[in-house]
**Student:** 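Shown below is the structure under consideration.
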Amino acid sequence: MKNNLNRNEFLKSLGFKGASLLAVYCTASSLSSCSKEENVSPSSNVKPGTPASGVDFTLDLTKTDYSKLNNPEGFVIVNQIVVVRVNSSTFAAVTQVCSHEGNVAISYASGGFNCSVHGAMFDINGKGLNANGSRGLTTYKTALTGTNLRVFS
């Protein structure tokens, strides 16, 4: 004869101490995987500082969400990719995942990219400018056709 317990009955059978111990163990083991964001790059298998593969999307610059890209120095973040209009005819796109420690913290300011967590700095082409940025950033190609900006690898 087979005995089946539902979850409630199982926890009751453990008693308060057993259920508490199980809860502590489960909570601790699940939190440890959240301590650092890893492999969150759209192209985690690509060496930082090189073009990535598998990325291909188009931004309609007439849409409000992407209108910042109509002005030089304007940028947006889409799919963990920072896209910036460098000047009237040039765009740049890099991963938002910093190569220093994998933090999703790359932004654009004053002609370059930087990480707000550890101060890593990168030029407009993703090349590292200081020790924390020495590995560079994963970069993407861009192509403007009319008002559509394609970001791809």
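FYI, the numbering just counts along the sequence from 1.
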**Student:** Measuring only between side-chain heavy atoms, which start at C-beta, is Thr142 closer than 4.5 Å to Tyr140?
**Tutor:**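 Counting from C-beta outward, Thr142 and Tyr140 never come under 4.5 Å.
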**Student:** Is it the case that the side chain of Arg135 and the backbone of His100 share a donor-acceptor pair, with hydrogens and angles ignored and the cut-off at 3.5 Å?
**Tutor:**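 Looks like yes, one N/O pair under 3.5 Å.
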**Student:** Apply side-chain contact (heavy atoms from CB on, under 4.5 Å) to residues Arg150 and Thr145 and explain how you reach the verdict.
**Tutor:** CA-CA 8 Å; Arg150 182 178 173 213; Thr145 305; over 6 Å; no
**Student:** Kindly give the cluster partners of Val117, where membership spreads through any ILVMFWY side chain lying under 4.5 Å from a current member.
**Tutor:**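 Listed partners: none, Val117 stands alone.
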**Student:** As an exercise, state the distance from CG of Asn70 to CZ of Arg85, rounded to the nearest 0.5 Å.
**Tutor:**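 If I round to the nearest 0.5 Å, the distance is 6.5 Å.
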**Student:** How about Asn87 and Thr90: does a side-chain donor come under 3.5 Å of a side-chain acceptor?
**Tutor:**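 Indeed, the side chains of Asn87 and Thr90 share at least one donor-acceptor pair under 3.5 Å.
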**Student:** Just so I know, are the side chains of Phe122 and Leu137 near enough to count as touching, which here means a heavy-atom distance under 4.5 Å?
**Tutor:**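 In short, these two side chains touch, coming nearer than 4.5 Å.
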**Student:** When rounded to the nearest 0.5 angstrom, what distance separates OG1 in Thr139 from CD1 in Ile81?
**Tutor:**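 Those atoms lie 10.5 Å apart.
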**Student:** In chain order, what residues pass the salt bridge (charged side-chain N to carboxylate O under 4.0 Å, His left out) check against Asp65, with sequence neighbours excluded?
**Tutor:**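 Counting only residues at least two positions away or on another chain, Asp65 forms no salt bridge (charged side-chain N to carboxylate O under 4.0 Å, His left out).
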**Student:** Can you measure from NZ (Lys141) to OG (Ser153) and round to the nearest 0.5 angstrom?
**Tutor:**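 Reported to 0.5 Å precision, the distance equals 7.5 Å.
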**Student:** Are Leu144 and Tyr66 in one and the same hydrophobic cluster, where Ile, Leu, Val, Met, Phe, Trp and Tyr link if side-chain heavy atoms are under 4.5 Å apart?
**Tutor:**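 Leu144 clusters together with Tyr66.
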**Student:** Please tabulate, for side-chain N and O atoms in residues 104-114, each donor-acceptor pair with protein atoms closer than 3.5 Å (sequence neighbours left out).
**Tutor:**
{"residue": "Tyr108", "atom": "OH", "partner": "Glu73", "partner atom": "OE1", "Å": "2.9"}
{"residue": "Tyr108", "atom": "OH", "partner": "Glu73", "partner atom": "OE2", "Å": "3.1"}
{"residue": "Tyr108", "atom": "OH", "partner": "Gly111", "partner atom": "N", "Å": "3.4"}

**Student:** With rounding to the nearest 0.5 Å, note down the distance linking CZ in Phe91 to CG in Leu61.
**Tutor:**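 Between atom CZ of Phe91 and atom CG of Leu61 there are 5.5 Å.
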**Student:** Nearest 0.5 angstrom please: Thr138 OG1 to Gln96 CD, how far?
**Tutor:**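 Output value for this atom pair is 12.5 Å.
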**Student:** What is the distance from atom OG of Ser134 to atom CG of Leu129, rounded to the nearest 0.5 Å?
**Tutor:**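 The distance works out to 11.0 Å.
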**Student:** Which pair of non-hydrogen atoms, one from Ser88 and one from Pro72, has the smallest distance, and what is that distance?
**Tutor:**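 Ser88 and Pro72 have their closest heavy atoms at N-CG, 4.4 Å.
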**Student:** Mind running side-chain contact (heavy atoms from CB on, under 4.5 Å) on Phe57 and Asn79 for me, showing each step along the way?
**Tutor:** CA-CA 9 Å; Phe57 59 89; Asn79 300 334; 3.6 Å; yes
**Student:** If only atom types and distance count, is the side chain of Asn130 paired as donor or acceptor with the main-chain N or O of Gly119 below 3.5 Å?
**Tutor:**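 Pair found, side chain donor or acceptor close to backbone of Gly119.
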**Student:** Quick one: do Met121 and Ile77 end up in the same hydrophobic cluster if we chain Ile, Leu, Val, Met, Phe, Trp and Tyr together by side-chain heavy atoms under 4.5 Å apart?
**Tutor:**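 In one cluster with Met121: Ile77, no.
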**Student:** For the residue pair Val83 and Leu69, establish whether any side-chain heavy-atom pair is separated by less than 4.5 Å.
**Tutor:**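 Val83 reaches Leu69 side chain to side chain.
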**Student:** What I want to check is whether the side chains of His118 and Asn132 have a donor and an acceptor closer together than 3.5 Å.
**Tutor:**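 The criterion, which ignores hydrogens and geometry beyond distance, is not satisfied for Asn132 and His118.
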